[in-house]
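Read through the structure below, which is laid out as structure tokens, and then see the notes.
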Amino acid sequence: MGNNKSGIVSKEILEDLKLNTKFTETEISQWYDNFKKQCPTGRISKEEFERIYEKFFPESDAQTYAQHVFRSFDTNDDGTLDFKEYIIALHMTSTGKTTRKLEWAFSLFDVDKNGYITKSEVKEICAAIFKLIPKDELSALPSDENTAEKRADKLWTFFDKGDNDRVAEGEFIQGVMDNEDALRLIQYTPLK
């Protein structure tokens with residue numbers, strides 16, 4: 001990605017990122033310099049991403065969740081994150097609008113990338129989210145959310161679907177936006 005010989009991000013990528021994120025040209029250039037220092041190849045492997053993610057959740061098992069996050073960010077399915085994918089992901093998860101964040105959340109839950117979410121996919125992601133919760137915080141969870149399966153069941157009820165039905169992206173976004181509990185259930189926010 002970018003012009004590897006000069007160490008600067010290409011004009012094409014720079015313009016695309018300025019158009020699709022809230023980052024300025026200066027910010028993108030600074031991110032690129034840092035990215036190249038951390039990833040001289042210009043790519044982050046899934047294993048490197050998992051190691052980075054585990055640093056954010058040292059008291060938890062973050063590997064499974066990191067794998068799902070990586071899959072959702074690896075938009076070209078090449079098994080690595082390039083600079084553009086990295087910046088788009090950073091934007092969507094940190095500064096993007098709620099709708100954009102929910103579009104990303106949908107891609108996280110759409111494990112098989114078929115454009116729909118099933119209850120089994122919700123269970124898979126809720127199980128990964130649940131592993132992020134430190135053991136000392138589990139006892140503080142409400143009784144209808146204190147296991148990954150209960151959390152998934154509760155989330156699924158917000159979409160008013162049967163166990164074998166599926167949820168499209170628009171339904172997912174609307175269902176989560178219409179209910180604060182659903183929004184809370186699709187993520188983990190550390191208490192500390």
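This structure is a prediction, so every number in the text was calculated from the model and none was measured.
The number of heavy-atom neighbours closer than 6.0 Å to CG of Asp160, taken from other residues, nucleotides and ligands shown, is 12 or below.
Qualifying side-chain contact (heavy atoms from CB on, under 4.5 Å) partners for Asp163, counting only residues two or more places apart in sequence or in other chains: Lys119, Trp156. Glu47 is linked by a salt bridge (charged side-chain N to carboxylate O under 4.0 Å, His left out) to nothing, counting only residues two or more places apart in sequence or in another chain. Contacts of Gln187 classified as side-chain contact (heavy atoms from CB on, under 4.5 Å), with partners at least two apart in sequence or in another chain: Leu183, Thr189. Partners of Asp165 by salt bridge (charged side-chain N to carboxylate O under 4.0 Å, His left out), not counting sequence neighbours: none found. Shown here are the salt bridge (charged side-chain N to carboxylate O under 4.0 Å, His left out) partners of Glu145, two or more places apart in sequence or in another chain: Lys154, Arg184. Checked against side-chain contact (heavy atoms from CB on, under 4.5 Å), Ala128 has the following partners two or more places apart in sequence or in another chain: Thr64, Tyr65, His68. Remark: Asp77 engages Lys113 in a side-chain contact (heavy atoms from CB on, under 4.5 Å) (not counting sequence neighbours). Remark: Thr147 engages no residue in a side chain to side chain donor-acceptor pair (under 3.5 Å) (not counting sequence neighbours). Residues satisfying the side chain to side chain donor-acceptor pair (under 3.5 Å) criterion with Ser29, sequence neighbours excluded, are absent altogether. Take Glu149 and apply the salt bridge (charged side-chain N to carboxylate O under 4.0 Å, His left out) test, not counting sequence neighbours, and it matches Lys123. By the side chain to side chain donor-acceptor pair (under 3.5 Å) test, Asn34 pairs with no residue at all, sequence neighbours left out.
Side-chain contact between Lys150 and Leu141 is absent, with no heavy-atom pair separated by less than 4.5 Å. The shortest side-chain heavy-atom distance between Lys84 and Val9 does not fall under the 4.5 Å cut-off. Under the 4.5 Å side-chain criterion, counting only non-hydrogen atoms from C-beta, Phe83 is in contact with Leu17. Between Phe23 and His91, some side-chain heavy-atom pair lies under the 4.5 Å cut-off. For the pair Arg151/Ile133, a side-chain contact is recorded, criterion being any heavy-atom separation below 4.5 Å from C-beta on. At a threshold of 4.5 Å between non-hydrogen side-chain atoms, the residues Ile13 and Tyr32 do not count as touching.
Considering every non-hydrogen atom in both Glu27 and Lys22, the closest pair reads OE1-O, 4.1 Å. Considering every non-hydrogen atom in both Val111 and Glu124, the closest pair reads CG1-OE2, 3.8 Å. The minimum heavy-atom distance linking Cys126 with Leu155 is given by the pair SG-CD2, 4.2 Å.
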When you look at Gln38 and Ile52, which way does the side-chain contact (heavy atoms from CB on, under 4.5 Å) test go after all the steps?
CA-CA 11 Å; Gln38 299 297 318; Ile52 293 166; over 6 Å; no

From CA spacing to verdict: side-chain hydrogen bond (donor to acceptor under 3.5 Å, both in side chains), Gln67, Glu50
CA-CA 7 Å; Gln67 290 169 352; Glu50 288 171 16; 3.2 Å; yes

Derivation and outcome, side-chain contact (heavy atoms from CB on, under 4.5 Å), residues Ile186 and Leu102:
CA-CA 9 Å; Ile186 65 168; Leu102 292 177; 3.8 Å; yes

Thr118 vs Ser120, test: side-chain hydrogen bond (donor to acceptor under 3.5 Å, both in side chains). Steps then yes/no.
CA-CA 5 Å; Thr118 62; Ser120 66; 3.1 Å; yes

How far apart are the C-alpha atoms of Asp16 and Glu12, what are their side-chain angles, what is the distance that settles it, and do they pass the side-chain contact (heavy atoms from CB on, under 4.5 Å) test?
CA-CA 6 Å; Asp16 189 37; Glu12 179 186 328; 5.7 Å; no

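The stretch residues 101-121 participates, sequence neighbours left out, in these ring pair (Phe, Tyr, Trp, His ring centres under 6.0 Å) pairs: Phe73-Trp104, Phe106-Phe172, Phe109-Phe172.
Judged purely by atom type and a 3.5 angstrom limit, Ser60 has no side-chain atom pairing as donor or acceptor with the backbone of Ala62. In terms of modelled atom types and a separation under 3.5 Å, the side chain of Glu137 and the main chain of Pro134 share no donor-acceptor contact. Using a distance-only test at 3.5 Å, with no hydrogens or angles considered, no donor-acceptor pair links the side chain of Asp33 to the main chain of Lys37. In terms of modelled atom types and a separation under 3.5 Å, the side chain of Asp153 and the main chain of Thr157 share no donor-acceptor contact. With Asp110 contributing its side chain and Ile117 its backbone, the two residues share no donor-acceptor pair below 3.5 Å.
Evaluated for a ring-ring contact (aromatic ring centres under 6.0 Å, His included) with Tyr86, the options Phe49, Phe35, Phe70 yield exactly one hit, Phe35. Partner Glu121 forms a side-chain contact (heavy atoms from CB on, under 4.5 Å) with one of Val167, Leu108, Asp112 and no other, that one being Asp112.
Taking the charged nitrogens against the carboxylate oxygens, Glu15 and Lys18 do have a contact shorter than 4.0 Å, which makes a salt bridge.
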